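Please read the structure below before turning to the comments.
What you see is a predicted model; the values in this text were computed from it and never measured.
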Amino acid sequence: MMKVLVTGANGQLGMALRQESRENNAFDFLFTDLEDLDITDYHAVEKTITEWGAGVIVNAASYNAVDRAEDDPMDALRINGKAVQGLAGLARKHNCSLVHVSTDYVFDGRKGSAYTELDEPHPRSKYAHSKMIGEQALHTAAPNAALIRTSWLYSEFGHNFVKTIRKLAAERDELKVVNDQFGTPTYAGDLAKAILKVIPGICNFGEVRTYHYSNAGLTNWAEFAEAIVVYSRLKCRIIPVSTKEYGLSKAERPAYSLLDTSRIRKDFDLHIPEWRESLKICINKLEKE
């Protein structure tokens, strides 16, 4: 049975992978988070890989504080860049396969159409730059690896846009949300399922292959928030505003970061749900908690 080491196991994607693992008998999982394994500690990671006999590493750990990274770029680089360099080098050294998760934010959002895996990143924030450095480190080490970029991740776990909007909408009569940043929400449960379908094929890659995964469709943050309110049966009014009107954010976000997911759909015969369909599933789970 293939042994899969998951880092960042208490984050949104890590928790979704935990959930999916309960229904998957094809892999033997070892779930680790910071208290178990610090991915910036090269020797600790190597010890875990060798002692446990990992065949695949899924790196779900990440520094995701987009605005805080503007004031704390070195910490973002340490986790999103240097740690990925270590993981990639160890994967190659010990003949492991690696799944590394990156972000649509590596693009500047100025293309005006869906980004493919062949488009060149142009990060516009310190966070996005740190994620791009991680991608470059992965390509330099060149293990058998899948680099999967995703966008607007949410789930029933941890802190995310869906849970924040539900909380605020239950407390307020109206909320201002930006309507000039376009992309696609991604349900962590769907991404976890996709990763588990990708894993068996990685050992045959002989290279780093880049894929894009998000739910299907296109929206903006205000429309996303409106759907959250409606599906949650709340009465709050969403007021669409421009990014400039909204203010506050330190880090620049891409204005249009739609991801072209045709490659991963074709290579792994994936059905990717439409974003509203997955949002309803997530909200139903939240309401049962």
Query raised in the report: Is there any salt bridge (Lys or Arg N to Asp or Glu O under 4.0 Å) pair reaching into residues 43-60, and which pairs are they, with sequence neighbours excluded?
Result: Glu46-Lys93
Requested in this report: Would you list the pairs meeting salt bridge (Lys or Arg N to Asp or Glu O under 4.0 Å) in which at least one residue belongs to residues 72-87, sequence neighbours left out?
Outcome: Asp75-Arg78
Is the shortest side-chain heavy-atom distance between [X] and [Y] below 4.5 Å?
{"X": "Ile148", "Y": "Ile195", "result": "yes"}
{"X": "Thr219", "Y": "Phe182", "result": "no"}
{"X": "Asn215", "Y": "Tyr187", "result": "yes"}
{"X": "Arg263", "Y": "Thr116", "result": "no"}
{"X": "Arg276", "Y": "Glu223", "result": "yes"}
{"X": "Arg265", "Y": "Ile272", "result": "yes"}
{"X": "Leu17", "Y": "Val58", "result": "yes"}
{"X": "Thr184", "Y": "Leu259", "result": "no"}

**Report entry** Partner of Val45 under side-chain contact (heavy atoms from CB on, under 4.5 Å), chosen from Asp38, Thr50, Leu90
**Finding:** Leu90
Does the side chain of [X] come under 3.5 Å of the side chain of [Y] through a donor N or O and an acceptor N or O?
{"X": "Asn179", "Y": "Ser242", "value": "no"}
{"X": "Ser130", "Y": "Asn80", "value": "yes"}
{"X": "Asn144", "Y": "Glu207", "value": "no"}

Can you give the donor-acceptor pairs under 3.5 Å from side chains of residues 122-129 to other protein atoms, not counting sequence neighbours?
residue : atom : partner : partner atom : Å
Arg124  : NE   : Glu252  : OE2          : 3.4
Ser125  : OG   : Ala128  : N            : 3.1

Hey, could you give me the [atom1]/[atom2] distance between [X] and [Y], rounded to the nearest 0.5 Å?
{"X": "Gln136", "Y": "Leu147", "atom1": "CD", "atom2": "CG", "answer": "11.0 Å"}
{"X": "Ser102", "Y": "Ile133", "atom1": "OG", "atom2": "CD1", "answer": "11.0 Å"}
{"X": "Thr150", "Y": "Leu191", "atom1": "OG1", "atom2": "CG", "answer": "5.0 Å"}

Query raised in the report: Are the ring centres of Phe224 and Trp275 closer than 6.0 Å?
Result: yes
Query raised in the report: When clusters are formed by joining ILVMFWY residues with side-chain heavy atoms under 4.5 Å apart, either directly or through shared neighbours, do Leu175 and Trp152 land in the same one?
Result: yes
Query raised in the report: Between Phe29 and Phe27, how do the two ring planes meet: parallel, tilted or perpendicular, split at 30° and 60°?
Result: perpendicular
Report task. For the pair Tyr115 and Phe107, name the ring-plane relationship: parallel under 30°, tilted 30 to 60°, perpendicular over 60°. Result -> parallel
Between [X] (side chain only) and [Y] (backbone N and O only), is there a donor and an acceptor less than 3.5 Å apart?
{"X": "Ser232", "Y": "Leu234", "answer": "no"}
{"X": "Asp33", "Y": "Asn10", "answer": "yes"}
{"X": "Lys3", "Y": "Trp52", "answer": "yes"}

Query raised in the report: Under the criterion salt bridge (Lys or Arg N to Asp or Glu O under 4.0 Å), which of Lys163, Lys280, Arg166 is the partner of Glu287?
Result: Arg166
Query raised in the report: Shortest non-hydrogen contact from Leu196 to Pro200?
Result: O-CD, 3.4 Å
**Report entry** Least distance between heavy atoms, Phe157 atom then Gln12 atom
**Finding:** O-CG, 3.5 Å
Query raised in the report: Stepwise, does the salt bridge (charged side-chain N to carboxylate O under 4.0 Å, His left out) test hold for Arg253 with Asp67?
Result: CA-CA 10 Å; Arg253 271 77 166 169; Asp67 289 318; 2.6 Å; yes
